[in-house]
Each structure stands twice: as C-alpha cells, then as structure tokens.
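The structure under discussion appears below in the form of structure tokens.
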Amino acid sequence: MSSEDAQQDATARPGGGRTVRVVLVDDHRMFRTGVQAEIGETARTGVEVVGEAADVDQAVTVITATRPEVVLLDVHLPGGGGVEVLRRCAALSADAERPVRFLALSVSDAAEDVIGVIRGGARGYVTKTITGTDLVDAIFRVADGDAVFSPRLAGFVLDAFASTDAPPVDEDLDRLTQREREVLRLIARGYAYKEIAKQLFISVKTVESHVSAVLRKLQLSNRHELTRWAAARRLV
Amino acid sequence: MTTAPPRAEPGYAPAPDPDDPPVRKLYRSADGRLLGGVARGLAGHLGLPVSWVRIVFVALFMADGMGALLYAAFWFFVPLGIGGVEHRQPAAGDGGKRRRLARKPDKGQVFALIALLIGASVIASRFQLGQANGYLWPVLLIGAGVALVWRQADNSRRAQWLELGRRKALLPVLRGAAGVLLVCIGVTGIVVLQGSVRHLGSVLQAALAVVVGIALLAGPYLVRMMQDLSEERLMRIRAQERAEVAAHVHDSVLHTLTLIQRNADDPREVARLARAQERELRAWLYKPEGRGKDEDEEPTTLAEAVRKAAAEVEDHHGVPIEVVVVGDCPLDEPLGAQMQAAREAMVNAAKYGGEGGAVQVFAEVEGRSVFVSVRDRGPGFDLDAVPADRMGVRESIIGRMERNGGTARLRPAPDGGTVVELEMERAAAEQGT
C-alpha cells in the first residue's frame with residue numbers, strides 16, 4: 001500500500017484517496033469487461049485494473065508480473081479453480097512488504113466454495129450481484145488488510161460457529177465472542193460496515209477488526225483441524 | 001396380434017402391437033415356474049401347453065437321464081425373461097382353459113410333480129436303491145444342490161429387475177448355503193463310496209492347492225475385469241446425469257432467455273424472470289437429491305418456509321429478496337404464524353421499500369427462539385403516522401405475533417429504510433431437534 005504509484009496518484013483524484021492496483025481473474029470475458037467498465041475508471045473510482053487472466057496459469061503469471069494490491073478472484077476457473085491460484089501465490093500474499101490480497105468474487109454462494117477459498121487465504125468473499133460502488137468499497141477494504149464478508153458468508157460462519165452441540169474438536173479453539181457474533185449477525189442481515197458501526201455505537205475500524213478476527217478464527221490453526229471442523233458441519 | 005383369440009385381449013391391452021411381432025426370442029419364464037422355468041419358456045415359445053413340454057422332459061429323463069441333461073443345458077444357456085414370456089403366456093395357456101395363478105400351484109404343476117415323482121421312483125427301482133449303484137444318491141444330492149444354487153441366481157436377477165432385492169436378505173443366503181452344502185455332501189459321498197477316505201486329506205489338499213493356484217493366476221484378471229466393469233457403469237451413470245442436467249438447463253434456461261428477449265424493454269419483468277430462473281437453477285443444482293427439486297410441496301422446516309415465502313413475494317412483486325438462514329428447525333404452529341407475519345413484512349418491504357434495492361431477510365434459529373428480520377432500503381416508515389383504520393401492520397404483523405406469544409418490532413434502519421424484527425419462542429416439545 002505504501003507503494004510509489006499510490007503516492008503518485010494521490011493528488012490526481014478528488015477525495016485525496018489513493019489508487020489500488022487490481023488484477024481481474026475470471027474465465028468469462030464478458031464478465032471481466034463488465035467489471036472493468038464498472039470499476040476501471042481510475043479517476044472516478046480509484047481502482048486501476050492492471051491485468052486480466054482467464055485461467056489458473058495465466059493468473060499466476062499475471063499476478064507475479066504485475067504485483068497488484070488486490071486480486072479479484074473467481075472461484076471456478078479452468079485449471080484448478082481459485083483455490084489453486086491462492087495456493088500457488090501463497091508466497092506473494094505472505095510477503096510482508098507488498099502483500100497481494102485476494103478478494104473472491106463469485107457467482108456461487110455455495111458453502112463449500114465460500115469456505116474453500118477463505119481457507120485458501122482469500123481476505124474476503126463477495127458475490128457477483130454486488131453493485132459497483134460496493135465492490136470498489138470492498139476492494140479498498142481488502143487492500144487495507146481488512147476482511148469483507150457477504151451476508152451469505154456471514155450466515156455460513158454463524159451457522160458453523162453457533163451450533164450448540166459442537167464436537168469436542170472445537171473446545172481448544174477460541175470461539176466467536178459475543179461482539180463478533182453480533183457483528184456477523186448484522187452482516188448477515190445485509191448491513192454495510194458503516195451501518196453496523198452506527199448500530200453498535202462503535203467505529204468502522206472496530207467492526208473491521210471484529211470481522212478480521214472472525215476470519216482468523218475461521219482459518220484455524222492447521223489444515224487438518226479445519227478439515228475435520230468443516231467435515232463435522234458438512235460444509236465440505 | 002390381430003390373430004390372437006378374443007379371450008387374450010385384456011392381457012394384451014397395455015402393449016401396443018408393434019412391440020410383439022418380429023423376433024420371438026426364447027426366454028425362460030420367471031413366473032409360475034417349478035424349477036428353472038425352462039418348460040414354461042419353451043411352451044410359450046412353441047405355443048404348446050406347459051404340461052406337454054414337462055411330460056416330454058420327464059419322458060426323456062427316463063431315457064438314461066437325457067431329459068435332465070437337456071434341461072440343464074437349457075437352464076444354463078437360455079436367459080431368464082419377464083416381458084417376452086409374459087406376453088406369449090396367455091396365448092399358450094389359452095388353448096386349454098388354464099388361467100395363470102400367481103403363486104398357487106395349478107393343476108398342471110401338480111400333475112407334473114406327480115409325474116416327476118413316478119418317474120423318480122421308476123428310476124430308483126431300476127437302479128435298486130443304493131445297492132448296485134452307490135453313486136446315485138450323491139449324484140442326486142449334487143444335482144439338487146446345483147439346481148438350488150442356479151435357481152437362486154435366477155431369483156436374485158429377477159429381484160434386480162423388480163427391485164425387491166432388499167426385502168428378504170436372509171432367505172437367498174440360506175438357500176444358496178443349502179445348495180452349496182448339498183453339493184459338498186454329494187461330493188464327499190462319492191469320495192467316501194470310492195473307499196478312498198484315507199486319501200481324503202491329501203485329495204482335499206491337492207484340490208485346495210489347485211484352486212489357490214487358479215485363483216492366483218486368474219485373480220488379477222478377474223479383479224481388473226470387475227474394476228473395468230464398475231468403472232464403465234460409473235461412466236454411464238455420469239453420462240446419464242449429464243444428459244439430465246443438459247436437458248433441464250436447455251428447457252428452463254433457454255425458455256427464460258427467450259422470454260427475457262421478448263420483454264427486453266420492461267426492466268422489471270426482465271429482473272423478475274432472471275431472479276426466478278436463478279432461484280430455480282440454484283435449487284436444482286445445489287439442493288440435495290430428491291429434496292425441493294419440485295417446489296410444490298408444503299415446506300416442513302423453517303428454512304424452507306422462509307425461502308418459499310421470499311420466492312413467492314419476489315415473483316409477485318418483482319423486487320429481489322436476499323435470504324440468509326442460520327440454523328433450521330421443524331415448523332410448528334407459532335412458527336407458522338411467524339412465517340405469515342414475516343411474509344406480510346416482506347410484501348410491505350417489497351411494495352413500499354423495494355425501490356431502494358434488494359430486501360434483506362435474515363432468519364436465525366437460536367436455541368429456544370427463532371428470530372426473523374426483514375429489512376428494506378426504502379423511504380422509511382412511521383407506525384404512528386399510519387391511520388388507525390389501516391390494519392396491515394398492526395394486525396397481520398404485530399397482532400399476529402403477539403397472539404401467538406411472540407414479539408414484533410418495527411424501527412428505522414440506520415441508513416434509511418425499515419427493519420421489521422420478529423421473535424418467537426419455539427414450542428418446548430421441539431427441543432430435541
């Protein structure tokens with residue numbers, strides 16, 4: 001985020017914001033064109049689309065070459081799907097200096113797709129029905145290191161954590177706090193982060209940190225545990 | 001089948017003509033058979049009464065067991081059939097006045113059995129039971145065992161067609177075991193009669209060694225063949241599934257797309273069509289097998305009820321409704337009332353608040369209570385400003401909830417719009433789920 005291009009562009013746009021460099025990964029050319037048209041107007045939105053890819057191999061190449069801040073990642077891709085892209089770019093997203101962050105953007109809101117890419121390391125999940133403004137908002141949020149959930153995703157997470165007869169596996173994991181659950185519930189009810197902040201009398205930053213905590217807890221400590229966790233709730 | 005006697009009409013009624021004529025293939029009869037259904041099948045094929053064929057077989061049996069060999073050969077090589085034989089059966093039986101009865105042995109069968117017994121006793125007397133020819137009993141035992149096992153194989157095949165294999169799982173096993181036992185006893189009998197009991201151990205060892213050797217040699221091929229077979233079956237099932245999906249997608253999606261093209265200048269209608277199609281496709285793709293694929297049945301659980309209500313309101317008012325359901329529970333009476341209240345709230349939201357965007361519905365089952373919220377992004381709503389004679393909200397939402405022991409709250413949403421929150425305790429009896 002502290003990249004030079006961001007600072008260069010800072011004065012070019014009203015609002016004094018910065019520019020986020022984005023790569024679009026989707027196998028439907030029409031959809032890429034649509035998204036490009038909706039958010040690609042850098043002067044207005046602050047989003048600069050620096051690359052596009054249609055399958056896993058292309059995506060890895062483009063992402064490595066351009067080093068964007070955010071990748072809009074389709075879940076269903078030829079060559080292994082979004083999860084495979086996440087796996088092969090793990091080194092890039094773990095980079096402390098200029099991390100590449102992934103925002104899953106999918107037409108599917110099936111539980112296994114959602115949980116799959118979140119487990120793979122995506123920092124958010126929005127469905128393709130999202131409006132252009134909300135998408136831009138989500139991109140900036142992810143670029144800042146926060147997590148973005150769609151209402152459906154919040155519903156899945158609540159469903160998974162709220163089950164009262166949880167198997168013993170869960171006991172050593174930290175469960176969601178009351179506040180985190182409240183935040184998730186409001187997301188599931190379709191509230192924007194700003195609205196949640198107003199409703200709970202907390203700042204937007206606090207809401208975001210709650211959501212990030214949920215994401216951290218969702219990823220659990222190791223893959224093995226997560227597999228069992230997800231299987232126990234029939235999410236995978 | 002225009003030449004069929006009029007008596008046979010009812011039997012033919014369901015089958016259209018073109019089915020019948022060309023190739024009359026020989027099948028063994030699966031219905032009303034005594035042993036392998038060979039005689040019955042032959043009779044059907046040749047158009048003779050069954051008893052005649054049976055008598056011929058028994059007579060041939062007298063001639064040094066020729067009939068038995070012939071019968072066994074037929075049994076071995078001729079496949080078992082239902083349809084083909086069924087069709088010809090009445091024609092064959094109609095010459096006489098016999099009607100086929102399902103299970104009860106009819107006159108012909110009794111007669112055949114008696115003839116068989118007589119024939120057996122004749123043979124037995126000829127061989128002077130058990131003295132001159134010691135091999136007779138073991139051979140008979142082996143024959144009976146083989147017949148039992150073969151017939152069992154036929155039965156299991158038939159059960160596959162009729163899909164009643166699961167009903168009595170024990171009986172077939174018992175029958176198979178009995179057959180194997182009979183054969184074993186027979187073989188042992190022959191060995192004993194030969195007076196080579198001393199060698200029994202070594203013979204058994206040698207036999208075992210040969211069997212193991214053959215198994216070792218043929219095993220890999222057999223296993224491979226089985227795997228190939230099951231793989232092929234899997235592929236076929238997949239192909240079928242794919243064809244079904246393709247057919248469904250073709251029908252409903254192309255239909256909707258056509259409608260959308262026609263209504264291209266009416267954005268509301270287009271949106272409505274697209275949403276309805278999306279919902280249907282999702283239900284079809286993601287719902288578990290056999291559940292909710294056709295939407296007609298009444299919902300029995302909360303989640304289904306919420307989704308159904310939302311889908312109906314969405315179709316009716318053309319406003320997208322996003323539904324998130326957390327948890328699920330069976331629907332009881334108070335919850336039914338809550339669903340109706342929620343539906344009313346959705347209708348209101350769609351009617352008056354639908355301009356601002358999608359209506360959001362959230363339902364959660366949380367321990368003992370069920371919470372439903374309906375939120376729109378419309379211009380907002382003030383309950384006190386509504387004239388006292390308008391009962392929509394007061395009666396069908398608030399009143400209904402309170403009558404059933406729940407609560408309803410209406411309040412403005414933070415950024416414009418209205419939230420309706422409905423809360424209801426579940427009946428105590430439902431706690432187990």
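These numbers come from the heavy atoms of this one structure, side chains and all, not from hydrogens, waters or symmetry mates. Bear in mind that the values here come from a model prediction, so they are computed numbers and not experimental data. Naming: A, B, ... by sequence-line order, numbering from 1 per chain.
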Is V323(B) close to chain A through its backbone or its side chain, or both, or neither, when contacts mean heavy atoms under 4.5 Å? backbone
Neighbour count >12 (heavy atoms, 6.0 Å) for atom CZ, F31(A): yes
To the nearest 0.5 Å, what is the distance between CD1 on I187(A) and CZ on F362(B)? 11.0 Å
Pairing of R189(A) and E421(B) as salt bridge, 4.0 angstrom limit: yes
Chain B interface, residue from A192(A), G155(A), A188(A), P151(A) that has the most non-hydrogen pairs under 4.5 Å: A188(A)
Partners of R400(B) by side chain to side chain contact (heavy atoms under 4.5 Å, CB included), sequence neighbours excluded? A337(B), Q340(B), A341(B), S396(B), R403(B), N404(B)
Residues in side chain to side chain contact (heavy atoms under 4.5 Å, CB included) with L257(B), at least two apart? V253(B), L254(B)
Can a cation-pi geometry be assigned to R375(B) and Y191(A), taking NZ or CZ under 6.0 Å from the six-membered ring centre and within 45° of the ring axis? yes
